[in-house]
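Okay, structure first, notes after.
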Amino acid sequence: MPKYLIADFIVEIEPKFDYLKKLCEPFLYEGERSADFSAIPSASYLNSLLSRMVEGSTIDEAEEFATASIFNRKIIHRGSMLVHSSALVFDGKAYLFSADSGVGKSTHTKMWLKGFGSKAHILNDDKPVVKIKNEVPLCCGTPFDGGSGIANNETVPVGAIIFIERSDDNFVTIPDTKEIVQRLYKSTVKFVNKSDGMSLLSNLDNLIRHIKFYVLHCNTDDSAVDVAYNNIIKNCK
């Protein structure tokens, strides 16, 4: 069975459809390490999930989403978690812009590419992993792209996690612990039992102790990038 190295985990995945096969190719592992776990959705799970997805969704998309969900529920017991975000790499650090679907996290990070060119790139545009290793917060690429086509295999230190809120004006606020927990919980796969929940809460506590968090209230004007750069990036160097 194929093995893949994702966020330093050896994962057994058996893609059945071309979309996930292509996404997983850069993560293929041919070394001697044993698999840490498997992330293989059943056919019944795939079909059930597809029936609940928006009209026009494909079985390929269902497989990617289902595999990501299983993967996340396995890694939350190993001190890691997926964060629904667009992870932008700038000056050697990853800045995860997280928001509810439709708010514009990808639109915002694309403005950074427009403004800074080769100085910035997107690591993953939907589901990067965040973990703490040797007291250093890391952002790790995954094959799970949410349909964006951007899913690179690299690991970069985290600069900050930024929650985006749509606003007429551009400004930055610093969330308190309660707000961070609420927003992070919305940004990852929800637990399904007490064990998952306890592990997730432990992860949230660990991230809060090691990572800077901000809320970027912004519009779609290019000046939103200037505000984020001056009020966030400069504080994380």
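For reference, positions follow the sequence shown, starting with 1. Note that the structure is predicted; figures quoted are calculated from it, not measured.
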- Task: Given salt bridge (charged side-chain N to carboxylate O under 4.0 Å, His left out), test Asp100 with Lys186 step by step and report yes or no.
- Result: CA-CA 8 Å; Asp100 293 337; Lys186 288 174 62 179; 3.4 Å; yes

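- Two residues are said to be in side-chain contact when any heavy atoms from C-beta on lie closer than 4.5 Å; Ile59 and Leu46 meet this criterion.
- Linking Ile, Leu, Val, Met, Phe, Trp and Tyr whenever their side-chain heavy atoms come within less than 4.5 Å leaves Tyr19 and Phe65 in two separate clusters.
- Under the 4.5 Å side-chain criterion, counting only non-hydrogen atoms from C-beta, His84 is in contact with Asp126.
- Within the model, atoms OG of Ser38 and CE of Met1 stand 6.0 Å from one another, a figure rounded to the nearest 0.5 Å.
- Ser223 and Asp221 share a side-chain donor-acceptor pair at under 3.5 Å.
- A donor-acceptor pair is defined here as one N or O able to donate and one able to accept, closer than 3.5 Å; such a pair exists between the side chain of Thr67 and the backbone of Glu63.
- Clustering of Ile, Leu, Val, Met, Phe, Trp and Tyr side chains at separations under 4.5 Å places Val129 together with Tyr4, Ile6, Phe9, Val11, Ile13, Leu20, Phe27, Leu28, Phe37, Phe71, Ile75, Leu82, Phe144.
- In this structure, Trp112 and His108 have perpendicular ring planes: the angle between them is above 60°, well past the 30° mark.
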- Task: Take Ser98 and Arg183 through the side chain to side chain contact (heavy atoms under 4.5 Å, CB included) test and state the conclusion after the steps.
- Result: CA-CA 9 Å; Ser98 181; Arg183 289 180 179 273; over 6 Å; no

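- Of the possible polar contacts, none joining the Ser48 side chain to the Ser44 backbone as a donor-acceptor pair under 3.5 Å is found.
- The side-chain heavy atoms of Glu154 and Asn152, taken from C-beta on, include a pair separated by under 4.5 Å.
- Contact check for Arg166 versus Asn219: no side-chain heavy atoms found under the 4.5 Å cut-off.
- Residues Ser85 and Phe97 form no side-chain contact, since every pair of their non-hydrogen atoms from C-beta on lies 4.5 Å or further apart.
- Atom OH of Tyr214 has more than 12 neighbouring heavy atoms from other residues, nucleotides or ligands inside a 6.0 Å radius.
- A donor-acceptor contact closer than 3.5 angstrom is absent between the side chains of Ser86 and Ser106.
- Taking 4.5 Å as the limit, some side-chain heavy atom of Tyr185 sits within range of a side-chain heavy atom of Leu200.
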- Item | side chain to side chain contact (heavy atoms under 4.5 Å, CB included) between Met81 and Leu207, intermediate numbers included | CA-CA 10 Å; Met81 59 188 283; Leu207 296 189; 3.6 Å; yes

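- Between Asp145 and Leu23 the shortest side-chain heavy-atom distance falls below 4.5 Å.
- Closest of all the heavy-atom pairs between Arg209 and Asn206 is NH2-OD1, 2.9 Å.
- In terms of hydrophobic clustering, with Ile, Leu, Val, Met, Phe, Trp and Tyr side chains grouped at heavy-atom distances under 4.5 Å, Val181 and Val130 are assigned to a common cluster.
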- Message: With side chain to side chain contact (heavy atoms under 4.5 Å, CB included) as the criterion, how do Leu201 and Leu204 come out once you've worked through the C-alpha distance, each side chain's angles and the decisive distance to 0.1 Å?
- Response: CA-CA 5 Å; Leu201 291 174; Leu204 296 181; 4.3 Å; yes

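- Residues His217 and Asp168 bring no donor and acceptor atom of their side chains to less than 3.5 Å of each other.
- Checked against ring-ring contact (aromatic ring centres under 6.0 Å, His included), Tyr95 has no partners two or more places apart in sequence or in another chain.
- Linking ILVMFWY residues whenever their side-chain heavy atoms come closer than 4.5 Å, directly or via other members, places Leu216 and Ile122 in the same cluster.
- Residues Lys127 and Glu64 meet the side-chain proximity criterion, which asks for heavy atoms closer than 4.5 Å.
- Applying the side chain to side chain contact (heavy atoms under 4.5 Å, CB included) test between His210 and each of Val136, Val158, Ile132 identifies Ile132 as the sole match.
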- Query: Would Lys21 and Glu25 count as a salt bridge (charged side-chain N to carboxylate O under 4.0 Å, His left out) if you check the C-alpha gap in whole Å, the side-chain angles of each, and the deciding distance to 0.1 Å?
  - Reply: CA-CA 6 Å; Lys21 286 180 183 178; Glu25 284 176 0; over 6 Å; no

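- Linking Ile, Leu, Val, Met, Phe, Trp and Tyr residues whenever their side-chain heavy atoms come within less than 4.5 Å leaves Ile40 and Tyr29 in two separate clusters.
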- Item | Residues Asp91, Lys93; criterion side chain to side chain contact (heavy atoms under 4.5 Å, CB included); working and verdict | CA-CA 6 Å; Asp91 277 351; Lys93 291 185 178 180; 6.0 Å; no

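- Between the side chain of Asn231 and the backbone N or O of Val227 there is at least one donor-acceptor pair closer than 3.5 Å.
- Cluster annotation: Ile150 is connected to Leu113 through the hydrophobic network of ILVMFWY side chains, with a link wherever side-chain heavy atoms come within less than 4.5 Å.
- A salt bridge links Lys114 to Asp222: at least one charged side-chain nitrogen sits closer than 4.0 Å to a carboxylate oxygen.
- In this structure, the side chain of Asn124 does not engage the main chain of Ala151 through any donor-acceptor pair within 3.5 Å.
- For Lys74, the NZ atom sits in a packed shell: over 12 heavy atoms of surrounding residues, nucleotides or ligands are nearer than 6.0 Å.
- Among residue pairs with one or both ends in residues 8-19, those qualifying as salt bridge (charged side-chain N to carboxylate O under 4.0 Å, His left out) are Asp8-Arg33, Asp8-Lys133; sequence neighbours excluded.
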